[in-house]
Every structure is written in C-alpha cells, then in structure tokens.
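Following: one structure in structure tokens, then a few remarks.
First the proteins, then the strands, lettered A, B, ... as listed; each starts at 1. Because only heavy atoms are used, hydrogens play no part in the values below, and waters and symmetry mates are left out as well, while side chains stay in. Since the model is a prediction, treat every value here as computed from it, not as a measurement.
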Amino acid sequence: MQNKLYISNLAFSIDSDALRKLLTNYGVVLSSQVILQRDTGRSRGFAFVEMSTEEEAQAAVQGLNGQPTEGRALSVAIARDRS
DNA sequence: GTTGAGCGTT
C-alpha cells in the first residue's frame, strides 16, 4: 500500500499547512511535511503528504498534479519507499 | 525581499 505523495515544484510560499488544506479536498490527510532546508529552515520546494488510503492518494494526484498553486504548477506523484 | 532539480529530518 502506498498512500504517500511526493509533491514537487512547490512555491516557496507554500508550507505544510497550506499543503494539508490542498490535499484535504481529496481525502483524509494523515500527515503533511514540506521538506525544509536544514540550515535556513526555509522550504526546499518539495514535500511528502500521507493520505488515508492509496485510493485517496491517487485521487489527489489526478486532482492536483499540474494545478497552478501560489504561482507554480504543482507536480504530484506517488512517493517512493524510503524504508 | 535572493533560490528551482529533486524522493525526507527531527
């Protein structure tokens, strides 16, 4: 089961809370995390979001991938396995 | 007030 999303091409103005609001329209967001630069704490421009089910993750991909958000067209895909 | 390809850190 892969219910994690990889989102890239994020506007720097988007934070994990903004992401959560975006994905909550397509399903239950278990967690959302924008990857931040370790040194500055600012956004690195990509993020991972975990949905309740793989089905919702797919719905979010189809719903948000390529959608202009905060001035940038989001790139949404199923995340790889980090383990 | 800065940046831009990418699959993660506490």
Side-chain angles (χ1 to χ4, degrees):
Chain A
M1 183 88 58
Q2 183 52 285
N3 51 336
K4 269 175 295 196
L5 297 171
Y6 168 65
I7 306 179
S8 59
N9 200 41
L10 281 174
F12 295 117
S13 58
I14 293 188
D15 59 4
S16 52
D17 191 60
L19 258 188
R20 196 201 143 103
K21 288 174 189 165
L22 283 176
L23 298 190
T24 215
N25 300 320
Y26 300 93
V28 178
V29 177
L30 298 186
S31 67
S32 68
Q33 50 179 149
V34 170
I35 307 305
L36 307 174
Q37 316 211 79
R38 187 178 60 79
D39 47 345
T40 63
R42 276 177 250 178
S43 173
R44 278 176 66 181
F46 71 98
F48 291 92
V49 175
E50 185 170 4
M51 301 300 291
S52 174
T53 67
E54 179 177 6
E55 173 181 89
E56 291 176 351
Q58 294 286 358
V61 169
Q62 295 177 22
L64 281 181
N65 187 33
Q67 292 306 309
T69 306
E70 299 293 321
R72 295 287 175 181
L74 297 184
S75 175
V76 184
I78 299 298
R80 292 177 188 170
D81 202 348
R82 194 171 64 99
S83 61

- Query: Which nucleotides of nucleotides 1-7 of chain B have their base under 4.0 Å from a protein heavy atom (B), which only their sugar-phosphate (S), and which neither (-), written as one string 5' to 3'?
  - Reply: -BBBBBB
- Keeping the roles fixed (side chain from A/E50, backbone from A/L5), state whether a donor-acceptor pair exists under 3.5 Å. no
- Do you know which of A/V49, A/L30, A/I78, A/T53 makes side-chain contact (heavy atoms from CB on, under 4.5 Å) with A/N3? A/L30
- To the nearest angstrom, how far is A/L19 atom CG from B/dG8 atom C1'? 13 Å
- Item | Atom of A/Q2, atom of A/A57 and distance for their closest heavy-atom approach | O-CB, 4.4 Å
- Message: In whole Å, I'd like the distance from the CG atom of A/L36 to the P atom of B/dT9.
- Response: 11 Å
- Message: Looking at A/A73, is its backbone amide N or carbonyl O close enough to the side chain of A/Q67 to form a donor-acceptor pair, meaning the two atoms are under 3.5 Å apart?
- Response: no
- Query: With A/L19, which of A/L64, A/V34, A/T69, A/T24 fulfils side-chain contact (heavy atoms from CB on, under 4.5 Å)?
  - Reply: A/V34
